[in-house]
Amino acid sequence: CDSLSSKVNWIYYFLAVYVPRLAVFLVIVVFNIRLSTGPLNSFILFAQVISTTVDIGEQGQAPLNTLYRSGTSAFQQSFRIPYNFFNLNIFGNLLAPFCLHESLETLGAIALHYVDALSPLLIILGMAILLRCRKCLRKEAGSPAHRGCSICCKYRMSSASVAEAFAAFIVLTYNRLCETTTRLLAITPLYDSNVQTMEVRVYFQGTYSTSDPGYSLRYKLPAYLMMTVLVVLSIALLHYPAKMAEWLVSKVSCVRNVFPTSTGRVIAEFLDIFQGCFKDNRRWFAGLYFVLRLVLLLAYIQPLLRQLLIQQILFVVFTFLFTVFKPYKDRRLNYLDMFMFANLAFINILTWYTANGIQPDITPIVACIIVESILVYLPMVYFV
C-alpha cells in the first residue's frame, strides 16, 4: 500500500461509493420517488435485514458447493447485490478489497462508513439552498442568479420534494447507521486451552482489548451517542405529539422565540410521509420498523444461537402484531407484511437448523438451503 496506489485508490473509492450513492438520490429527487409508502415498507425492511443481519446458510458453513459451482460466494452475492441497493451499498459486494492508507485502522474505516452513509445529506442540503435562493431572488426576476436557480429547480423541486428526499434518506440510511454503530460494540472472547475466557477484544480490531484504558472513549462513547440519535428518531416515529409542539410554540414565549409557529405543523406533515399509510390509531407502527432494524443489529453481534433465538422471537412477534392489529388502511398491505415477517421467521428457522445440523449426511442441509434460496427470492418477485 504505497502512496501512489493509495492516491489512485482514493479516486477509485470516491467513484465507486460516493458517485453512485449521490446519483441514486438525484434520481429520487428529480422523479420525486417516495420510498416510505405502505407497499415498500416491508420489502425495503426485508432487503436491508436479509443482506446484513439475517444469516443464510449459517454464515457459509453449510455445504453450498453441492448446489452451486462457485459455492457460497456466488449464492450470497446473487441476492445481496440487488438487496444491498436498499442499504446504499451499491457495489460493495462486487469490489475487490483495496488499500486506502497503510495506517488506516478500524476506527478510521468505521468513520468512513459514517461519512458514506451521511453523504446524501449534501444533495438534500443543496436542494434546500437552491429553493431558498429562488425565493430570495424572486424580486430580481431575470437576473442570472435567478435564472440559474430556476433551471436547477424546474424538475418539480419544492419544499415537499425536499421532505420526501429526507424521508428517503432516513429509510435508506438508518439500517446502515445501525450496522456501523454495532460494529463499534462488537467484541469477541479469547479462550485458553481449557476453554476459559482469557481476554475480551474488539471484534474488528483483534489487537485491541476491552480492558485497555481508551476502549470506552474510542469505541463505546461514539457508539452510544449515535445509538441515542437512532433511538430518539425511532421514538419520534412511534409517537410524536405534534399538537403538544404546536401548543408549546404558540403559548410558551421562550419556545416561540426559538421556533416558528409552524414548527409543529411542519414536523407533523413530515411524519405523515411515514405514518400516512396507517390507520389513525395505528400510526405508531411506522416507528416499529426502525426499532426492529436496531434490535436486529444489536442481536447480530451476539453469539450465533442467541442471535437466531432473538431474531426468531422478533419475527414471530411482528407477524402476530400485523395479524391482530392490521394497522394499514389498505387491507392487502396487512397480508403482505404478515407474509414478509413469516417468511423471515421461516428463513431463520432453516438457518437455525443448518447451524445445528452439520453432519455426515448433508442431504437435509442441502434441502434446507434450496428452500432458503427460494424464500429469499420471493419478495424480489413481488417487487418486480
Side-chain angles (χ1 to χ4, degrees), residues 45-64 72 76 79-80 83 87 106 110 174-206 208-211 215-216 219-220 222-224 226-228 230-231 234 288-321 340-359 364-365 368-369 371-372 375-376:
L45 175 71
F46 182 91
Q48 290 178 339
V49 303
I50 205 71
S51 56
T52 53
T53 57
V54 177
D55 290 320
I56 306 297
E58 210 279 287
Q59 296 180 314
Q61 293 183 33
L64 296 182
T72 304
Q76 296 278 7
F79 71 84
R80 282 188 172 171
Y83 283 144
N87 282 315
T106 301
I110 289 176
Y174 186 92
N175 192 73
R176 187 166 179 81
L177 290 174
C178 291
E179 180 187 9
T180 304
T181 302
T182 51
R183 288 181 178 182
L184 288 170
L185 298 175
I187 57 176
T188 184
L190 296 181
Y191 300 102
D192 58 18
S193 58
N194 297 320
V195 199
Q196 299 294 321
T197 302
M198 296 189 304
E199 191 178 9
V200 179
R201 296 193 177 184
V202 178
Y203 185 84
F204 291 99
Q205 183 77 40
Y208 201 84
S209 174
T210 57
S211 60
Y215 170 69
S216 295
Y219 287 87
K220 282 190 174 181
Y224 289 158
M226 179 56 70
M227 198 73 71
T228 302
L230 297 172
V231 170
S234 300
L288 285 183
Y289 285 98
F290 293 90
V291 172
L292 179 62
R293 288 175 170 94
L294 182 58
V295 177
L296 283 174
L297 278 158
L298 289 175
Y300 191 65
I301 60 176
Q302 304 297 319
L304 180 61
L305 294 181
R306 188 186 303 170
Q307 166 206 329
L308 294 173
L309 176 60
I310 296 172
Q311 290 177 341
Q312 189 65 23
I313 292 173
L314 289 171
F315 295 146
V316 171
V317 167
F318 269 74
T319 305
F320 175 78
L321 287 175
M340 204 72 74
F341 285 114
N343 190 28
L344 283 169
F346 198 24
I347 290 172
N348 205 59
I349 289 174
L350 294 174
T351 300
W352 199 335
Y353 177 79
T354 58
N356 292 278
I358 303 299
Q359 51 187 312
I365 307 298
C368 284
I369 300 300
V371 175
E372 260 188 321
L375 295 177
V376 166

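- Considering all non-hydrogen atoms of both residues, Tyr224 and Leu185 come closest at CE2-CD2, 4.0 Å.
- Judged purely by atom type and a 3.5 angstrom limit, Asn175 has no side-chain atom pairing as donor or acceptor with the backbone of Val49.
- Between the CD1 atom in Ile110 and the CE atom in Met226 there is a gap of 12.0 Å [rounded to 0.5 Å].
- Taken to the nearest 0.5 Å, the CG atom of Leu288 stands 11.0 Å off from the CG atom of Leu314.
- Summarising the geometry, atom CD belonging to Gln312 is positioned 10.5 Å from atom CD1 belonging to Ile347; distances are rounded to the nearest 0.5 Å.
- Counting only heavy atoms from C-beta outward, the side chains of Phe290 and Leu230 never approach each other to under 4.5 Å.
- Residues Leu294 and Cys178 come closest through the heavy atom pair CD1-SG, 3.7 Å.
- Nearest heavy-atom pair, Leu297 versus Glu179, reported as atom, atom and distance to 0.1 Å: CD1-N, 3.4 Å.
- Phe46 and Leu375 make their closest contact through CZ-O, 4.1 Å (heavy atoms, listed as atom of the first residue, atom of the second, distance).
- Counting heavy atoms from C-beta outward, Ile310 and Leu296 have side chains that stay 4.5 Å or more apart.
- Using a 4.5 Å cut-off on side-chain heavy atoms (C-beta onward), Leu292 and Phe318 make contact.
- Asn87 and Thr52 share no donor-acceptor pair across their side chains, judged by distance under 3.5 Å alone.
- A 4.5 Å side-chain heavy-atom check between Lys220 and Leu184 finds every atom pair outside the cut-off.
- Counting only heavy atoms from C-beta outward, the side chains of Ser234 and Tyr174 approach each other to under 4.5 Å.
- Taking the salt bridge (charged side-chain N to carboxylate O under 4.0 Å, His left out) definition, one finds that Arg201 meets it with Glu199, sequence neighbours left out.
- Taking 4.5 Å as the limit, some side-chain heavy atom of Arg293 sits within range of a side-chain heavy atom of Leu45.
- Remark: the backbone N or O of Gln48 is paired with a side-chain donor or acceptor of Ser51 at under 3.5 angstrom.
- Using a 4.5 Å heavy-atom threshold, the side chains of Met227 and Leu298 count as touching.
- For the side-chain contact (heavy atoms from CB on, under 4.5 Å) test, residues two or more places apart in sequence or in another chain that qualify with Val202 are Gln205, Tyr208, Tyr215, Tyr219.
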**Q.** Step-by-step ring pair (Phe, Tyr, Trp, His ring centres under 6.0 Å) determination, Phe341 to Phe315
**A.** CA-CA 6 Å; Phe341 285 114; Phe315 295 146; 7.0 Å; no
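- For Gln302, the side chain to side chain donor-acceptor pair (under 3.5 Å) partners at least two apart in sequence or on another chain are Arg306.
- Smallest separation of non-hydrogen atoms from Val200 and Ser209: O-OG, 3.4 Å.
- Leu308 approaches Asn348 most closely through the heavy-atom pair O-ND2, 2.8 Å.
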